[in-house]
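In what follows, a structure is listed as structure tokens, so that the remarks can point back to it.
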Amino acid sequence: QPRGNHQKKVRSMIKKIQDLVQRRKWEKILKGYKDLIEKNPKDTRSRLKLGDLYSKQGKISKAVEQYTETAEIFAKAGFHLKSIALFKQILKVQPQSIPALRRAAQISYQYGLYADAYPYYESLAKILRSEDQQEKLWEIFQELSHLPLKETKQKVRVFEAIFPEHGAPFAD
């Protein structure tokens with residue numbers, strides 16, 4: 001019985017939010033989603049809606065924060081493709097986002113989506129090189145060298161994406 005009441009309350013709150021959306025009451029809408037998230041921090045639906053609202057308002061950093069939290073919730077729950085899709089969404093609004101590129105690359109690589117991981121690592125490396133962030137490049141190198149990959153060729157291809165000037169002769 002208590003679970004049913006909780007679901008009714010959530011449905012009621014969502015209906016109120018939808019009504020407010022139709023009337024364009026942005027601050028009340030934001031508060032409604034924030035309240036839902038406060039009650040259930042793993043509420044991915046509300047986090048996505050809140051991120052979308054922030055994005056529509058031009059509050060990109062707040063939108064990215066919600067998308068990132070949601071992507072991490074999905075990743076921890078084993079929904080890797082949903083997680084990667086959210087990092088792609090972040091990259092649409094912040095193409096130079098080092099954290100989004102890195103996590104999309106890590107998750108892709110970790111779950112065997114090597115072809116997807118290469119472009120992320122490549123973009124990440126270009127940004128880090130252009131910003132002269134050699135320490136971060138080294139961190140990524142160390143991270144990759146510790147991943148348990150059975151196929152050496154796959155590992156070499158990712159290293160080539162990060163360090164293209166050193167990789168070409170090793171791929172063959």
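For the numbers below, each heavy atom of this structure counts, side chains included, while hydrogens, waters and symmetry mates do not. Note that the numbering runs from 1 along the sequence shown for the chain.
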### Verdict with supporting geometry, Leu124 and Lys136, side-chain contact (heavy atoms from CB on, under 4.5 Å)
CA-CA 10 Å; Leu124 180 59; Lys136 288 211 189 245; over 6 Å; no
### Message
Between Ile90 and Phe87, is there a side-chain heavy-atom distance shorter than 4.5 Å?
### Response
yes
### Query
How many angstroms lie between atom CD of Gln66 and atom OG of Ser55, to the nearest 0.5 angstrom?
12.0 Å
### NZ/NE/NH1/NH2 to OD/OE distance under 4.0 Å, Lys39 and Asp35
no
### Summary
Residues Ile73 and Lys42: closest non-hydrogen pair is CD1-CA, 3.7 Å
### From CA spacing to verdict: salt bridge (Lys or Arg N to Asp or Glu O under 4.0 Å), Glu139, Arg102
CA-CA 11 Å; Glu139 285 176 24; Arg102 189 169 186 177; 3.5 Å; yes
### Query
For the side chain to side chain contact (heavy atoms under 4.5 Å, CB included) test, which of Glu135, Gln142, Gln134 pairs with Trp138?
Gln142
### Query
Taking Ser12 for the side chain and Lys8 for the main chain, is one N or O donor matched with an acceptor at less than 3.5 Å?
no
### Message
So which atom in Leu101 and which in Ser123 form the shortest heavy-atom distance, rounded to 0.1 Å?
### Response
CD2-CB, 4.0 Å
### Summary
Interatomic distance, CG@Leu128 vs CD1@Ile98, rounded to 0.5 Å, equals 4.5 Å
#### Entry: Spacing of OG1 belonging to Thr70 relative to CG belonging to Leu48, to within rounding of 0.5 Å
4.5 Å
### Query
Any chance NZ of Lys59 has more than 12 other-residue heavy atoms, nucleotides or ligands included, within less than 6.0 Å?
yes
### Query
Is there a side-chain contact between Ile84 and Asp116, using heavy atoms and a 4.5 Å cut-off?
no
### Side chains of Leu113 and His80 in contact at under 4.5 Å (non-hydrogen atoms)
no
### Task
Determine whether Tyr120 and Lys88 make a side-chain contact, defined as any pair of heavy atoms from C-beta on separated by less than 4.5 Å.
yes
### Message
In the structure I gave you, are the side-chain heavy atoms of Arg45 and Ile14 within less than 4.5 Å of one another anywhere?
### Response
yes
#### Entry: Contact summary for Ala117 and Ala105, nearest pair of heavy atoms
CB-O, 3.8 Å
#### Entry: Candidate pair Ile29 and Leu50, rule side-chain contact (heavy atoms from CB on, under 4.5 Å), full reasoning
CA-CA 9 Å; Ile29 296 167; Leu50 184 58; over 6 Å; no
### Arg47 side chain vs Pro41 backbone, donor-acceptor pair below 3.5 Å
yes
### Summary
dist Lys82:NZ -> Leu86:CG (nearest 0.5 Å) comes out at 9.5 Å
### Task
Taking Ser130 for its side chain and Ile127 for its backbone only, find out whether a donor-acceptor pair lies under 3.5 Å.
yes
### Message
Within the 4.5 Å heavy-atom criterion, are Met13 and Tyr33 side-chain neighbours or not?
### Response
no
### Message
Would you say CG of Leu81 has more than 12 non-hydrogen atoms from neighbouring residues, nucleotides or ligands within 6.0 angstrom?
### Response
no
#### Entry: Backbone N/O of Ala104 and side chain of Ser108: donor-acceptor pair under 3.5 Å
yes
### Task
Of all the heavy-atom pairs spanning Ser97 and Leu91, show the shortest one and how long it is.
O-CD2, 3.9 Å
### Query
CG/Leu53 to NZ/Lys62 distance, rounded to the nearest 0.5 angstrom?
12.0 Å
### Message
Run Asp43 and Glu38 through side-chain contact (heavy atoms from CB on, under 4.5 Å) and show every step you take.
### Response
CA-CA 9 Å; Asp43 181 354; Glu38 189 176 310; over 6 Å; no
### Query
Going by heavy atoms in the side chains, are Leu36 and Lys49 under 4.5 Å from each other?
no
### Query
Are Arg103 and Glu72 within salt-bridge range, i.e. N to O under 4.0 Å?
yes
### Message
Between Phe74 and Glu69, is there a side-chain heavy-atom distance shorter than 4.5 Å?
### Response
no
